[in-house]
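For ligands, and for the atoms within them, numbers begin at 1 and follow the listed sequence.
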Amino acid sequence: ELILSELLDTDLNVTFNDIAGLETAKRTVTELIINPILRPDIFKGQRAPAKGLLLFGPPGTGKTLIAKAIASQGSAKFFSISASSLTSKWIGEGEKMVRTLFAVAKCLSPSIIFIDEIDSLLTKRNENENEASRRMKTEFFIQLDGAKSDTSQPLLVGATNRPQELDEAARRRLQKHIYIPLPEKKARVDLVRHLLKNERSDINEDEMDTIGDLSEGYSGADMRALVQEACITPTRDIDLMTVSEEDIRPVTLEDFKTALNVVKPT
Ligand code: ATP
C-alpha cells in the first residue's frame, strides 16, 4: 500500500510533444523501450529490450520528462523514487522496500521504476556506506539480474547528473546509456513558444530568434524559470490594485532581456 500510495505516479500527462528538442533521445527510447513494451510479441529473443536504462546529463534537461513520456507512451505504470528519499525515509528497510517495489511493479506490468539521482543510491564511494545501504544496493542488483527473459520484469530507468559517481556494477547493469544534453537554440525557442502559448505576448520571429541567441547554456528548467520571470515583469511598476487583468501589457523581448539579468543558467 505504501508503495502504491507514495511511489506510483498516476499523473502521466507527458508526451514527446511536450518535450522540446532531444530528438535523438526520443528516437532511441522509442526503438529501445517503447516499441518493445507495445509489441512484446515482436521484441523477444535477440530483440528483447534492455531492462535498465541510464539517462545522464546536466540538471533540468528533461530526464524525468523523458522517463515519464516512456511510461505514458508505452501505457506503463510509473514508479518514481528519488534516491535521497529512499535512503532517508526507509532507513533500515531499504532492502525490503526494493524487493517489494519490484514485486509490485511486476504484478502491474508493464512498469517503469524511475530513480532520480541514482548515483547517490548506487554510488561507488564506499567510505560512508553503512551496512543497510550496502544491503539495499545488493538487493537492487539481485532484482536487476532477475529473470532476464521474464517479460513482466520492470524497466529500471536511472537519472544522474554525475554518471562518474555511479558504481561500475550498476553502470553495467543499466545496459543502455543515453545522454540528455542542454537544449540547442531551436529547442530553447520551441520551449519559449510552448510556454507562452496561453500568455499574452508581443514577440515577433526575429525577437524569438534573439531570445534563442541570448539564452545559450540555459537548460529546459532554466528556460521555464526565464519565461516565468519575463511574464512577471509587466506586472511591476503598476498599481496592481486598480488595474484590470486585461490592462496588463503583453510580454515583450525587453521583458526577456530584463529576465535574463535575473535568471542565470544553472
Ligand atoms: P534533474 O537532473 O534536476 O532531476 P531533469 O533532467 O530530470 O532534472 P526535469 O525534471 O525533466 O529535468 O525537468 C525540469 C523541468 O524543466 C520540467 O518539468 C520542465 O518544465 C522543464 N524542462 C526541462 N527540459 C525540458 C524540455 N526538453 N522540454 C520541455 N520542458 C523541459
NZ/Lys26: more than 12 non-hydrogen atoms of other groups inside 6.0 Å: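 For Lys26, atom NZ is crowded (more than 12 foreign heavy atoms under 6.0 Å).
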
cation_pi(Arg173, Phe141) dist<6.0 Å, angle<=45: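 Pair Arg173/Phe141 counts as cation-pi.
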
Look at [atom] and say which protein heavy atom is nearest, naming residue and atom and giving the distance to 0.1 Å.
{"atom": "atom 16 (O) of ligand 1", "value": "Ala221 CA, 3.2 Å"}
{"atom": "atom 7 (O) of ligand 1", "value": "Thr64 OG1, 2.6 Å"}
{"atom": "atom 18 (O) of ligand 1", "value": "Arg224 NH1, 3.9 Å"}
{"atom": "atom 4 (O) of ligand 1", "value": "Asp116 OD2, 3.2 Å"}
{"atom": "atom 12 (O) of ligand 1", "value": "Gly62 N, 3.2 Å"}
{"atom": "atom 2 (O) of ligand 1", "value": "Asn161 OD1, 3.1 Å"}
{"atom": "atom 27 (N) of ligand 1", "value": "Ala20 O, 2.9 Å"}
{"atom": "atom 5 (P) of ligand 1", "value": "Lys63 N, 3.5 Å"}

Sub-4.0 Å heavy-atom approach of Leu55 to ligand 1: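 False for this residue.
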
Within-shell test, Ala159 vs ligand 1, heavy atom, strictly < 4.0 Å: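 False for this residue.
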
Any N or O of [X] that comes nearer than 3.5 Å to an N or O of ligand 1?
{"X": "Ile19", "answer": "no"}
{"X": "Gly60", "answer": "yes"}
{"X": "Leu65", "answer": "yes"}

Plane angle bin for Phe102 and Phe140 - parallel if under 30°, tilted between 30 and 60°, otherwise perpendicular: perpendicular

Which residues share a ring pair (Phe, Tyr, Trp, His ring centres under 6.0 Å) with Phe79, sequence neighbours left out: none

pair Leu101-Ile81: side-chain heavy atoms closer than 4.5 Å: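 When only atoms from C-beta onward are counted, Ile81 and Leu101 do touch, with a gap below 4.5 Å.
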
For Thr61, atoms of ligand 1 separated by under 4.0 Å from a heavy atom: 5 (P), 6 (O), 12 (O), 23 (C), 24 (N), 27 (N)

Contact atoms of ligand 1, heavy-atom distance to Asp18 under 4.0 Å: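 Answer for ligand 1: 28 (N), 29 (C).
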
Under the side chain to side chain contact (heavy atoms under 4.5 Å, CB included) test, residues paired with Gln228 that sit two or more places apart: Arg224

Hphob cluster co-occupancy, Val104 + Ile113, side-chain heavy atoms under 4.5 angstrom: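 Yes, one cluster joins them.
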
Lys/Arg N to Asp/Glu carboxylate O, Asp116 vs Lys63, below 4.0 Å: no

NZ/NE/NH1/NH2 to OD/OE distance under 4.0 Å, Arg249 and Asp255: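 Salt bridge between Arg249 and Asp255, a charged N being under 4.0 Å from a carboxylate O: yes.
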
Side chain to side chain donor-acceptor pair (under 3.5 Å) evaluation trace for Thr210 with Asp213: CA-CA 5 Å; Thr210 305; Asp213 285 332; 5.5 Å; no

